[in-house]
Amino acid sequence: MIDLKLLQKDFDGMSAKLIRKGVDLALLEKLKEKSEELKVAKINFETLQALQNSMSKEFGIYKREGKDIGELKAKVDANKIEITKVLDIQREKNQELESMAMAIPNVPDDSVPDGEDENDNVELKKVLTPKEFSYTPKEHWELAEENGWIDFERGVKLATSRFSVSFGMGAKLERALINFMLNFNSDRGFEEVSVPALVNRTALEGTGQLPKFEDDLYKMDGQELFLIPTAEVPVTNLYQDEILSANELPKKMTAYTSCFRKEAGAAGRDTRGMIRQHQFHKVELVALSKPEQSEEIFNEMVSCASDILTALELPHRIVNLCTGDLGFSAAYTTDIEVWLPGQNQYREISSISNTREFQARRAKIRYKDGKKNIMVHTLNGSSLAVGRTLVAIMENYQNEDGTIDIPEVLKPYLGM
RNA sequence: GGACGAGUGGGUGAGCGGUUGAAACCACAUCCCUGCUAAGGAUGCGUAUGGGUAACUGUACCGAGAGUUCGAAUCUCUCCUCGUCCA
């Protein structure tokens, strides 16, 4: 959530940054106006309430001393009517402000380059060189079907489009990848957690998926429960509405979950294969930290994801997202894109974000620093999307005869 | 699904409708003493928000929401969660 106090104090500075993110200046002006209105409404209410409280105390004294309370009661009753009016106004203003503020994205960091979409992202570095193929490499869906690893049609039969089924070595590889990634992350100091795949509205508001992006979430019929679009939601919200002690930080966690997305805005994109599915496996990293630690932990998380790909010998590149591609909650984001020879391009396989205190303010996650309570910084990142890693293995490890080699580091996980 | 019980500050746990924002204990912080694998003492210590340079102070919050009342942690209703018993 946007820092409304800061918006009041430094409207020009903050609005300039948010405009880069595509937020309408008029909206911000309205927001500022509303928060001033709310303040006035609050003062009105509090003044009357203070009067009411003191008169009530007097009332007690009068009674104890046996004085006549007739006149006092008349005053108190009249004041009470005023209070109800003023309170209604205050509530209304508060609600208006809240719903507006919840829809404002995070302020992008100054380091985020301007840009429209993924084409304007800035490459930071490449890791490993894609190998040369002496033949035309196949795309993963072809390889997957040839090897009997993935069955796209049966996925559709069971559910609907954008669902698939893994068989045999395909399924085993997924399991191996999940275990490999979790172990890798644990070795880097991220504690493994296992969390619910269904969460309530509060959790999704905490991390920023709601109220704005309800269309992309699967919701349980008749219940305020949603399938998680990423483990970031349950894991970050683990500490929602808590005050942590300083020595608990940083809290670094990793979790494997299935993720569920309606992909509402992605009609026609990646319809073939398992790049964009409604349900997919992902191993996630989440960290809560002190503000001064978050930059360093962010870098740790990027390395962690990149090093997994390196261990799998998959060429990839690291990309700084531009304002247009930056998510709602992120202050800045680095994507890792893996090389897919079949598609002859780099494709996103991980997205690592520092939301600074944006989510912490929404989810009320603080820590105690001496006397003061301070918002933690929250970070999240994939390490990695399992399906896409499998895709990358298929395409990079393919042989001319259509067979696929197994990455060395995964062999122990496959009993090889 | 039915019956009963419970939900209080970081934790445990008191709390008659009126100086109770809430005893006590633990934890925590600062200081003192002591001097050593530890102990003792003093003080402070809920959250959020408004005003004030500050001391300080207003308001709200005792699971959530509504109600009764001049006044509610304390009474009533609804909901949620947890526990115990029954089907």
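Chain letters run A, B, ... following the sequence lines, proteins first, then strands; residues in each count from 1.
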Identify all pairs in which a protein N or O lies below 3.5 Å from an N or O of nucleotides 45-47 of chain B, and state each distance.
from  : atom 1 : to       : atom 2 : distance (Å)
B/U47 : OP1    : A/Lys368 : NZ     : 2.7
B/U47 : OP1    : A/Asn373 : ND2    : 2.9
B/U47 : O3'    : A/Arg366 : NH1    : 3.2

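Between the side chains of A/Gln8 and A/Ser35, a donor-acceptor pair is found at a separation under 3.5 Å. Side-chain contact, A/His377 with A/Thr355: no donor N or O sits under 3.5 Å from an acceptor N or O. In this model, no donor atom of one side chain and acceptor atom of the other lie less than 3.5 Å apart for A/Gln359 and A/Thr207.
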Pair assignment for RNA chain B - dot-bracket with | for other-strand partners, Watson-Crick or G-U under 3.5 Å: ((((((((.[[[..)..(.....]]].(((((.......))))).((((((....)))))).[[[[[..)....]]]]]))))))).
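With sequence neighbours excluded, the residues satisfying ring-ring contact (aromatic ring centres under 6.0 Å, His included) with A/Tyr256 are A/His281. When the side-chain contact (heavy atoms from CB on, under 4.5 Å) test is applied to A/Glu295, the partners found at least two apart in sequence or on another chain are A/Asn299, A/Tyr332. The ring-ring contact (aromatic ring centres under 6.0 Å, His included) check on A/Phe45 picks up nothing, with sequence neighbours excluded. Considering only residues two or more places apart in sequence or on other chains, A/Arg188 meets the salt bridge (charged side-chain N to carboxylate O under 4.0 Å, His left out) condition with A/Asp307.
In this structure, CZ of A/Arg361 is placed 12 Å from P of B/A48, rounded to the nearest angstrom. In this structure, the CG atom of A/Leu244 is 14 Å from the C1' atom of B/G11, given to the nearest Å. What separates CG of A/Asn79 from P of B/C70 is a distance of 13 Å, to the nearest Å. Rounded to a whole Å, the CD1 atom of A/Ile374 is 16 Å from the C1' atom of B/A48.
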Tell me which donor-acceptor pairs under 3.5 Å the side chains of residues 75-83 of chain A have, and how far apart each pair is, sequence neighbours excluded?
from    : atom 1 : to      : atom 2 : distance (Å)
A/Asp77 : OD2    : A/Lys73 : NZ     : 3.2
A/Asn79 : ND2    : A/Leu48 : O      : 3.3
A/Asn79 : ND2    : A/Gln52 : OE1    : 2.8
A/Glu82 : OE2    : A/Lys85 : NZ     : 3.2

Side-chain donor-acceptor pairs under 3.5 Å in residues 407-416 of chain A, sequence neighbours left out?
from     : atom 1 : to       : atom 2 : distance (Å)
A/Glu408 : OE2    : A/Lys411 : NZ     : 2.8
A/Tyr413 : OH     : A/Asn183 : ND2    : 3.0

Please table the atom pairs, donor to acceptor, closer than 3.5 Å between any side-chain atom in residues 379-391 of chain A and protein atoms at least two apart or in another chain.
from     : atom 1 : to       : atom 2 : distance (Å)
A/Asn380 : ND2    : A/Glu232 : OE2    : 3.4
A/Ser382 : OG     : A/Ser351 : N      : 3.0
A/Ser383 : OG     : A/Asn185 : OD1    : 3.3
A/Ser383 : OG     : A/Asn185 : ND2    : 2.7
A/Arg388 : NE     : A/Ile275 : O      : 2.9
A/Arg388 : NH1    : A/Glu348 : O      : 2.8
A/Arg388 : NH2    : A/Ile275 : O      : 3.0
A/Thr389 : OG1    : A/Ala385 : O      : 2.6

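Note on A/Glu242: nothing from the nucleic acid sits closer than 4.0 angstrom, heavy atoms only.
Between A/Arg347 and A/Glu337 there is no salt bridge, since no side-chain nitrogen of the basic residue lies less than 4.0 Å from a carboxylate oxygen of the acidic one.
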Reading 5' to 3' through nucleotides 49-65 of chain B, protein heavy-atom contacts under 4.0 Å coded B for base, S for sugar-phosphate only, - for none: SSS------BSS-----
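Looking at A/Asn106, A/Asp109, A/Thr378 one by one, the single match for side chain to side chain donor-acceptor pair (under 3.5 Å) with A/Arg356 turns out to be A/Asp109.
Within the structure, side-chain hydrogen bond (donor to acceptor under 3.5 Å, both in side chains) pairs that include any residue of residues 9-33 of chain A comprise A/Arg20-A/Asp114 (at least two apart or interchain).
For the contact set between residues 197-208 of chain A and RNA chain B, defined by any heavy atom under 4.0 Å, there are no members.
Comparing the same atom, C1', in B/G58 and in B/G52 gives a spacing of 11 Å after rounding to whole Å.
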